Every structure is written in C-alpha cells, then in structure tokens.
Amino acid sequence: MTDLPTRLPKGWQLPESDDIRVQNIECLSDNWYHLYRVSFDLRRSNGEWQSQQREAYDRGNGAAILLYNRAAGIVILTRQFRLPSFVNGNESGMLIEVPAGLLDDRDPASAVIAEVEEETGYRIGKPQKVFDLFMSPGSVTERLHLFVAEVTSDHRAGEGGGLHEEGEDIHVLEVPFRDALAMISDGRIRDAKTVILLQHALLNGLFD
C-alpha cells in the first residue's frame, strides 16, 4: 500500500489481501458522516491487475432489534420520518421499522438496549444476536448487527419516542405478528432490516 494516511478512517479495517492493493483514501466530505474516495488496484479473475476508484459513505456501524411478545402475538415496531425515503418517492416520508441506531463506540448489544429504551420505552435484558449484515455494500460501509428479544408488557418502563434534541419524533406501534407479515406483502413495511427480522421470526417459529 502506498500514499495512505497515517491513520485509517475511524473503524476501518483493511485485511491483508493478495488481490487488493489500496493506494489512497481521500475524504470528500465530513459534514455529517464521512464520504471517502478510495483508489485501489484489483486483481481480476484472469490475473490482470486493474486500477479502480470507488466512493464509500461511512456512517458507522449499527444495531437493530425485533421485540416480540409471544403471549400477546405482537411485535413492537416504530414509525418515523426518513428524509432519504421521502426524496425517493415515499410520499409521506414515514417508515415502519424495528428499533435501531448507530453503535457510537458501544458494543452492539449495549447500543441496541439503549436504543430500545429511547425509541420504545421498553427496558430489556440481554438480547439474542441473530446475524450481522452489510445492508448496502455497493456504497455504504455500515455493518448492521441484528437481534431479537422476547418482551412482555411489564418490560415497558416509559413512553419512548426518541430524543427530541436529535430531531426524533418516533411513534411506537404494537402490531399483531400476522398483520406485520401482511404489511410486508402490501408495501406498508418497506424497511429492509425490518423485513429481514420479521422473516427470521417466521422461519424460526418465534410465534409457534
């Protein structure tokens, strides 16, 4: 590797590779999160080396969780305004989602526990990790850690709603599980992490 900054962008890891040679990393924007242009050489499948440039948007890693009340047959979801969906054809800009947030230097389990209480008012113990995924690997570095946790009405310790100072205005929804699955089919639920976790619940019999 040549011409790299003395420090990689925070959180970045460059594995040793015989097929990828990173030549330079340039920060294009650090206004909110960070946008980088990466120059690298890639060994193609025929053995030829090719120089390429790609941009990567770095907003940090995150965690999301499906809260499910097996006895009541419901899942706990949120509804909030999402600007990127609004500018891409979502007329209201509102999305129904599972609770989620960035790690912000916390471990994934601690981050998701805190986000659950901020967004929904539910106070949970240790959540169950199910997997972690790259949600948009063509342009975004984010690695999302996905969890599930069983709750009862006794776990709700507050109103939730998110943090006013961060511009959050989150509505808490208690949705019958079968209705949530129908909402995927008819387009009322269009958030990828939420669809994935609801399908996980179906495939793994969380409500059997």
Side-chain angles (χ1 to χ4, degrees), residues 1-43 49-67 78 80-85 87-88 95 97-120 124-149 160 162-168 170 190-197 200:
M1 300 178 186
T2 60
D3 299 326
L4 286 179
T6 55
R7 290 195 313 163
L8 289 172
K10 183 178 179 181
W12 281 36
Q13 303 174 47
L14 295 183
E16 293 293 331
S17 174
D18 294 330
D19 300 314
I20 303 167
R21 299 171 180 165
V22 175
Q23 301 295 343
N24 192 48
I25 301 173
E26 178 186 0
C27 183
L28 302 179
S29 173
D30 61 357
N31 184 46
W32 184 250
Y33 299 120
H34 294 81
L35 178 65
Y36 295 97
R37 179 164 55 212
V38 182
S39 303
F40 61 98
D41 298 328
L42 176 69
R43 192 200 304 266
W49 284 94
Q50 183 180 47
S51 296
Q52 298 186 13
Q53 281 190 341
R54 294 289 185 271
E55 292 180 4
Y57 188 60
D58 186 353
R59 61 189 301 271
N61 295 325
I65 188 167
L66 178 67
L67 303 178
T78 66
Q80 61 182 307
F81 178 75
R82 294 298 200 185
L83 175 67
S85 78
V87 301
N88 197 24
L95 284 181
E97 308 176 36
V98 292
L102 296 177
L103 301 188
D104 293 330
D105 297 322
R106 301 169 293 186
D107 66 88
S110 297
V112 84
I113 288 170
E115 292 294 334
V116 163
E117 187 163 359
E118 287 177 7
E119 294 190 3
T120 70
I124 62 172
K126 185 177 181 181
Q128 177 188 348
K129 174 82 174 284
V130 289
F131 29 65
D132 62 80
L133 304 173
F134 293 97
M135 299 298 290
S136 188
S139 57
V140 181
T141 62
E142 182 183 30
R143 183 174 177 178
L144 191 62
H145 302 263
L146 299 178
F147 296 83
V148 297
L163 299 178
H164 181 272
E165 60 270 25
E166 294 185 3
E168 295 178 331
I170 297 172
R190 304 169 69 184
D191 172 67
K193 62 184 177 294
T194 304
V195 172
I196 290 167
L197 282 169
H200 170 81

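If you're wondering where the values come from, they're calculated on a predicted model, not measured in any experiment.
- Expressed to the nearest 0.5 Å, how far CG of D104 lies from OG of S110 amounts to 12.5 Å.
- The shortest non-hydrogen separation linking L102 to A111 is O-CB, 4.2 Å.
- When all heavy atoms are compared, the tightest approach of L28 to E55 is CD1-OE2, 3.6 Å.
- With sequence neighbours excluded, the residues forming a side chain to side chain contact (heavy atoms under 4.5 Å, CB included) with E118 are E115, L163, listed by chain and number.
- For the pair P99 and E119, the tightest heavy-atom approach, listed with the atom from each and the gap, is CA-OE1, 3.2 Å.
- Listed here is the closest heavy atom pair of A149 and I65: CB-CD1, 3.7 Å.
- Under the salt bridge (Lys or Arg N to Asp or Glu O under 4.0 Å) criterion, the residue pairs touching residues 22-34 are E26-R37, with sequence neighbours excluded.
- The distance from atom CZ of F131 to atom NE2 of H145, rounded to the nearest 0.5 Å, is 13.0 Å.
- Across W12 and D58, no two heavy atoms sit closer than the pair NE1-OD2, 2.6 Å.
- With sequence neighbours left out, D19 forms a salt bridge (charged side-chain N to carboxylate O under 4.0 Å, His left out) with R43.
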*Would L42 and R54 count as a side chain to side chain contact (heavy atoms under 4.5 Å, CB included) if you check the C-alpha gap in whole Å, the side-chain angles of each, and the deciding distance to 0.1 Å?*
CA-CA 12 Å; L42 176 69; R54 294 289 185 271; over 6 Å; no

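- Counting only heavy atoms from C-beta outward, the side chains of T141 and Y36 never approach each other to under 4.5 Å.
- Taking CG from L14 and CZ from F40, the interatomic distance works out to 11.5 Å, rounded to the nearest 0.5 Å.
- Pairing each heavy atom of Q80 with each of R82, the nearest pair is NE2-NH2, 3.4 Å.
- Residues forming a side chain to side chain contact (heavy atoms under 4.5 Å, CB included) with Q50 (at least two apart in sequence, or on another chain): R44, Q52.
- Residue F134 holds its CZ atom at 7.5 Å from CG of N61, rounded to the nearest 0.5 Å.
- Side chains of D105 and K10 form a contact here, defined as non-hydrogen atoms less than 4.5 Å apart.
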*Walk me through it: do E97 and T78 pass the test side-chain hydrogen bond (donor to acceptor under 3.5 Å, both in side chains)?*
CA-CA 5 Å; E97 308 176 36; T78 66; 5.3 Å; no

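- With sequence neighbours left out, D41 forms a side-chain hydrogen bond (donor to acceptor under 3.5 Å, both in side chains) with Q23, S51.
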*Is there a side chain to side chain contact (heavy atoms under 4.5 Å, CB included) between K193 and V98 once you walk through the steps?*
CA-CA 7 Å; K193 62 184 177 294; V98 292; 4.0 Å; yes

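- Annotation for W32: atom CH2 does not count as buried by contact number, only 12 or fewer foreign heavy atoms lying within 6.0 Å.
- A search for side chain to side chain contact (heavy atoms under 4.5 Å, CB included) contacts involving V148 returns L66, Y68, Q128, V130, L197, H200, L206, not counting sequence neighbours.
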